[in-house]
Q: 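I am attaching a structure below and will ask some questions about it afterwards.
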Amino acid sequence: MTTALFWFRKDLRLKDNLAWTKACESHRIHPVFILEPELISNSGPYRRQQFFSNVSALAAEIKSIGGELSIIQGPARDVLARYIRENNIDCIYFNADTTPFSRQRDEQLAKDISVPINTFWSGLVHPPETVLTQKGEISKVFTPFYKKWVTLPAPPSVEDSQPIFVDAQQNTWNETQDLIPSTSNQGYKAAINRLEKFLKVVDDYHESRNFPSKEGTSFLSSDLHFGTIGPREILHRLSSNREGHRQFIRQLAWRDWYSHLLFANQDIPTKAANPSYDNISWRDNPEEFENWTKGQTGYPIIDAGMRQLSATGWMHNRVRMITASFLVKHLLVDWRKGERYFRKMLIDGDVAQNCGNWQWVAGTGFDAAPYFRVFNPMLQSKKFDPTGIYIQRWVPELESLSNAEIHAPWEHDQATLQKYNLMLGETYPFPIVNHADARERAIATYKEARG
DNA sequence: CGAGAATTAAC
DNA sequence: TTAATTCTC
């Protein structure tokens, strides 16, 4: 029997993992994780911790079935060739990814390494280049993509494997083990717990998903990012004839779409998908950007979201759209700066998803929001946090304001504010910009870029 | 007058 | 994955 190196990347699980199953079918397995500096350097503390917890949980799971995960540190191109030589590896298995970093690295690797490399797709419902229009291209509009996507049969979850591990693996880079926390409750088991919890409320998903004070969303975004659970396993627990389920399945399609688009357009992270918006005269005021990151814009819903992000590494999706729109449109900060900040801070920060969604909000992307659509922070706030619970949770300065008052504190007279010990400009900022003016300015700026 | 529905709009 | 405005009662 030959020996396969199984390289875990963004698929930190043993279930519903196609490359893993294929490798286990006919090889002795040498499981490896490579801690690459590039992966760490763009991560903020929350994602890094989740990352380590997931790797640690995977190592424990492998140990429990008689194997040992080798954790190697360094760029893959530097360490893999040597590792393959030293450990008598016959072939490599891993799951492919769509990001420019991953694809460039994997292409280079194929040139550098002499043993056969077997790759599979296991992190999306459908692999890139498999959901196509009649012309054989990926649709640049979501709805036709989705219509095609739902008609394709969902690939079955793969069977569990009975791996045979190589004996007496030695970890030649022991110091790396110390970087990985030894205790953790993440990994596949935690992902399954989150899925089971979500399945209890998914029938209401279409109604509750938009309210940041409710736990109406799946909380599976970081699991999907790290691959502690596969999207097909999630899909197979859902039913296409229930509205809440259907709406969540639709979100999985958005996820596939943004990954497929990135696969086909590798410059999405840096360039506007719609070139007419690549010449916007951004203001890029650094102080305003900093006020935004710190949750000090004077708009309660914006500040609540940004504070939730910096305090927890996560933000509710509805609020992600509102805060992102505010940065790009109201403050006219280049969407790439916001994207970078979100990706660094978010526990689920993901190149394909984050760039796709930021370009959508900025109006620069495929099938994006129209350029003149400027989210109104007060309307969004009143609509999706009507009682102000979410705002109060994250902006305690405002906790005594009433439901009606909390969305726009500057609109109330001095006496009302004094009653709550609220001194605008001291205990809570005045609005950083005036909504109506900023809206006009954004539309004019975009119009100018359109020519 | 005011809330909510309907419409329009620069897509 | 909308906002602003007008219409209606």
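All figures in this text were calculated on a predicted structure; none of them were measured in a lab.
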Q: Nearest-Å distance, CG (Leu379(A)) to C1' (dT2(C))?
A: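 These atoms are roughly 10 Å apart.
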
Q: Is the shortest side-chain N to carboxylate O distance from Arg105(A) to Glu38(A) below 4.0 Å?
A: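 Salt bridge between Arg105(A) and Glu38(A), a charged N being under 4.0 Å from a carboxylate O: no.
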
Q: Once you apply a heavy-atom cut-off of 4.0 Å, does Arg250(A) come out as touching a base, just sugar-phosphate, or nothing?
A: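 Answer is sugar-phosphate: Arg250(A) comes under 4.0 Å of backbone atoms only.
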
Q: Just call it for Arg320(A): base, sugar-phosphate, or nothing, with non-hydrogen atoms closer than 4.0 Å on any strand.
A: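 It contacts nothing in the nucleic acid.
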
Q: Give the rounded distance in Å between these two atoms: NZ of Lys383(A) and C1' of dG4(B).
A: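 Spelled out: NZ on Lys383(A) to C1' on dG4(B) is 12 Å.
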
Q: In whole angstrom, what separates Lys329(A)'s NZ from dA10(B)'s C1'?
A: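 Going from Lys329(A) (NZ) to dA10(B) (C1'), I get 12 Å.
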
Q: Report yes if a side-chain nitrogen or oxygen of Arg439(A) is closer than 4.0 Å to either non-bridging phosphate oxygen (OP1 or OP2) of dA4(C); otherwise report no.
A: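 Yes, because at least one side-chain N or O of Arg439(A) sits under 4.0 Å from OP1 or OP2 of dA4(C).
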
Q: Check whether the side chains of Tyr428(A) and Asp303(A) place a donor and an acceptor atom closer than 3.5 Å, and report yes or no.
A: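 Present: a donor and an acceptor within the cut-off.
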
Q: I need the CZ-C1' distance between Arg373(A) and dC11(B), as an integer number of Å.
A: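 Distance, rounded to whole Å: 9 Å.
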
Q: Output yes when Glu339(A) and Arg343(A) qualify as a salt bridge under the 4.0 Å nitrogen-oxygen rule, no when they do not.
A: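 Judged by the 4.0 Å cut-off on N to carboxylate O distance, Glu339(A) and Arg343(A) do form a salt bridge.
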
Q: Check whether the ring centres of Trp292(A) and Phe342(A) lie less than 6.0 Å apart, and answer yes or no.
A: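 Ring-ring flag for Trp292(A)/Phe342(A): true, centres closer than 6.0 Å.
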
Q: Does His435(A) reach a base, just sugar-phosphate, or nothing at all? Heavy atoms under 4.0 Å.
A: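 Sugar-phosphate: the residue His435(A), judged by heavy atoms under 4.0 Å, touches backbone atoms but no base.
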
Q: Figure out the CZ/C1' separation between Phe372(A) and dT8(B), and round it to whole Å.
A: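 My rounded result for the distance is 10 Å.
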
Q: Expressed in angstrom and rounded to an integer, what is the separation of Lys140(A) atom NZ from dC11(B) atom P?
A: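 My rounded result for the distance is 20 Å.
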
Q: When you compare dC11(B) with dT7(B), how far apart are their C1' atoms, in angstrom units rounded to a whole number?
A: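 It works out to 16 Å between them.
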
Q: Take the protein atom CG of Asn376(A) and the nucleotide atom C1' of dA9(B), then report the distance between them rounded to whole Å.
A: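 My rounded result for the distance is 16 Å.
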
Q: Can you tell me how far P of dT2(C) sits from NZ of Lys382(A), to the nearest Å?
A: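 Rounded to whole Å, this separation is 18 Å.
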
